[in-house]
Amino acid sequence: MELIKKSVDSVIEKDWIGSPVFLRCVLHIVNETINLLHPAAEIVSLSNGWMPSKPQCVYAQGDANATQITVMLQYVEGQMAVLSVDRVDTETAIDLMLVGNKGVIYHETPIGRHYMGGTPPEPTLSGELTDVIAEALATDQPISVEG
């Protein structure tokens, strides 16, 4: 995940897409036993690092011990993120689209179905807003983020 972060950070720093306004990210995980809450919190951390304002509201649906969860974030200045983590049988991969006010960046790992190489993302157990995401999953309600 660190390679993806560095790659997107460099695009943002060079102002190629302008200020980020929307992120769509799907993380496919090959692991039948991992709780999906932790990889979801990790992509929330990525999103929070790229958006120019702080998260205001978190909404999550799914079951962290089942097949898929989706986390939607609304930021203080109106930016949005739709982040999804799901279990797959093939290989761990990520597909993201970050929309800025001047352009868009796409990142897919592995790159296309005919690509023979590439490094799949390696989720860790780090992340942000883990407790808020868990509460949103449990209550099926949007949760305001304090401070």
Side-chain angles (χ1 to χ4, degrees), residues 1-31 34-62 64 67-88 90-137 139-147:
M1 297 292 267
E2 189 62 32
L3 291 174
I4 294 166
K5 180 184 179 328
K6 287 180 182 178
S7 175
V8 174
D9 283 350
S10 70
V11 170
I12 293 171
E13 289 169 8
K14 293 175 184 170
D15 200 34
W16 288 349
I17 64 165
S19 181
V21 295
F22 177 76
L23 173 66
R24 185 226 357 109
C25 182
V26 179
L27 178 61
H28 306 287
I29 300 282
V30 177
N31 187 323
I34 190 171
N35 183 307
L36 297 178
L37 181 61
H38 299 293
E42 188 169 359
I43 59 175
V44 165
S45 294
L46 289 175
S47 181
N48 290 347
W50 295 331
M51 293 298 172
S53 66
K54 294 183 181 209
Q56 179 179 30
C57 188
V58 175
Y59 184 70
Q61 287 193 316
T67 305
Q68 184 268 338
I69 63 173
T70 298
V71 178
M72 292 151 282
L73 295 163
Q74 178 183 4
Y75 291 85
V76 172
E77 294 177 8
Q79 299 88 353
M80 298 289 296
V82 177
L83 314 169
S84 184
V85 179
D86 58 32
R87 295 182 202 283
V88 295
T90 53
E91 66 181 314
T92 298
I94 194 165
D95 178 8
L96 71 83
M97 173 184 70
L98 181 61
V99 179
N101 60 359
K102 292 195 234 175
V104 179
I105 181 173
Y106 297 94
H107 182 89
E108 183 180 3
T109 305
I111 302 169
R113 61 188 152 142
H114 302 294
Y115 186 71
M116 299 304 287
T119 305
E122 295 181 23
T124 63
L125 295 180
S126 63
E128 294 178 14
L129 302 175
T130 305
D131 294 338
V132 176
I133 298 167
E135 182 180 352
L137 286 169
T139 63
D140 202 29
Q141 295 293 315
I143 306 299
S144 294
V145 178
E146 299 292 324

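Because only heavy atoms are used, hydrogens play no part in the values below, and waters and symmetry mates are left out as well, while side chains stay in.
One finds the CZ atom of Arg87 at 9.5 Å from the CD1 atom of Ile69 (value rounded to the nearest 0.5 Å). Atom CZ of Phe22 and atom CH2 of Trp50 lie 13.0 Å apart (nearest 0.5 Å). In this structure, CD1 in Ile12 is found 8.5 Å from OG in Ser19, a value given to the nearest 0.5 Å. For the atom pair CE of Met80 and SG of Cys57, the computed distance is 8.5 Å after rounding to the nearest 0.5 Å. Expressed to the nearest 0.5 Å, how far CG of Asn48 lies from CG of Leu73 amounts to 6.0 Å. Atom CE of Met51 and atom CG of Leu46 lie 11.0 Å apart (nearest 0.5 Å).
For residues 10-22, the pairs satisfying salt bridge (Lys or Arg N to Asp or Glu O under 4.0 Å) are Asp15-Lys102, with sequence neighbours left out.
Among all heavy-atom pairs drawn from Leu27 and Ala93, the shortest one is CD1-O, 3.4 Å. Residue Ala64 comes nearest to Leu137 through the heavy atom pair CB-CD1, 4.3 Å, listed as atom of the first residue, atom of the second, then distance. Shortest non-hydrogen contact noted between Ser84 and Thr70 is OG-OG1, 3.6 Å. Considering every non-hydrogen atom in both Cys25 and Ile43, the closest pair reads SG-CG2, 4.2 Å.
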I'd like to know whether Val104 forms a side-chain contact (heavy atoms from CB on, under 4.5 Å) with Ile17, so could you lay out the CA-CA distance, the side-chain angles of the two residues, the decisive distance to 0.1 Å, and finally the verdict. CA-CA 6 Å; Val104 179; Ile17 64 165; 5.6 Å; no

Go through the steps to decide whether Gln56 and Ser144 satisfy the test side-chain hydrogen bond (donor to acceptor under 3.5 Å, both in side chains), and finish with yes or no. CA-CA 6 Å; Gln56 179 179 30; Ser144 294; over 6 Å; no

Evaluation steps, side-chain contact (heavy atoms from CB on, under 4.5 Å), between Ile34 and Ile29: CA-CA 9 Å; Ile34 190 171; Ile29 300 282; 3.9 Å; yes

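Side chains of Ser10 and Trp16 form no contact here, defined as non-hydrogen atoms less than 4.5 Å apart. Taking the side chain as every heavy atom from C-beta outward, Val44 and Leu83 approach each other to under 4.5 Å. A heavy-atom distance below 4.5 Å is not found between the side chains of Val145 and Lys54. When side chains are defined from C-beta on, Leu129 counts as touching Val58, because their heavy atoms get closer than 4.5 Å. Side-chain contact between Leu3 and Met1 is absent, with no heavy-atom pair separated by less than 4.5 Å. The shortest side-chain heavy-atom distance between Val8 and Leu98 falls under the 4.5 Å cut-off. With contacts defined as side-chain heavy-atom distances shorter than 4.5 Å, the pair His107/Ile94 qualifies. Within the 4.5 Å cutoff, no side-chain heavy atoms of Val99 are placed close to those of Tyr106.
By the side-chain hydrogen bond (donor to acceptor under 3.5 Å, both in side chains) test, Gln61 is found to be paired with Tyr59, Asp140, residues two or more places apart in sequence or in another chain being considered. By the salt bridge (Lys or Arg N to Asp or Glu O under 4.0 Å) test, Arg24 pairs with Asp95, sequence neighbours left out. With sequence neighbours left out, the side-chain hydrogen bond (donor to acceptor under 3.5 Å, both in side chains) criterion links Ser53 to Gln79. For Asp86, there are no salt bridge (Lys or Arg N to Asp or Glu O under 4.0 Å) partners, not counting sequence neighbours. Among residues two or more places apart in sequence or in another chain, the side-chain contact (heavy atoms from CB on, under 4.5 Å) test is passed with Thr139 by Glu135, Gln141, Ile143.
Without hydrogens or angle criteria, Thr92 side chain to Val30 main chain gives a donor-acceptor distance under 3.5 Å.
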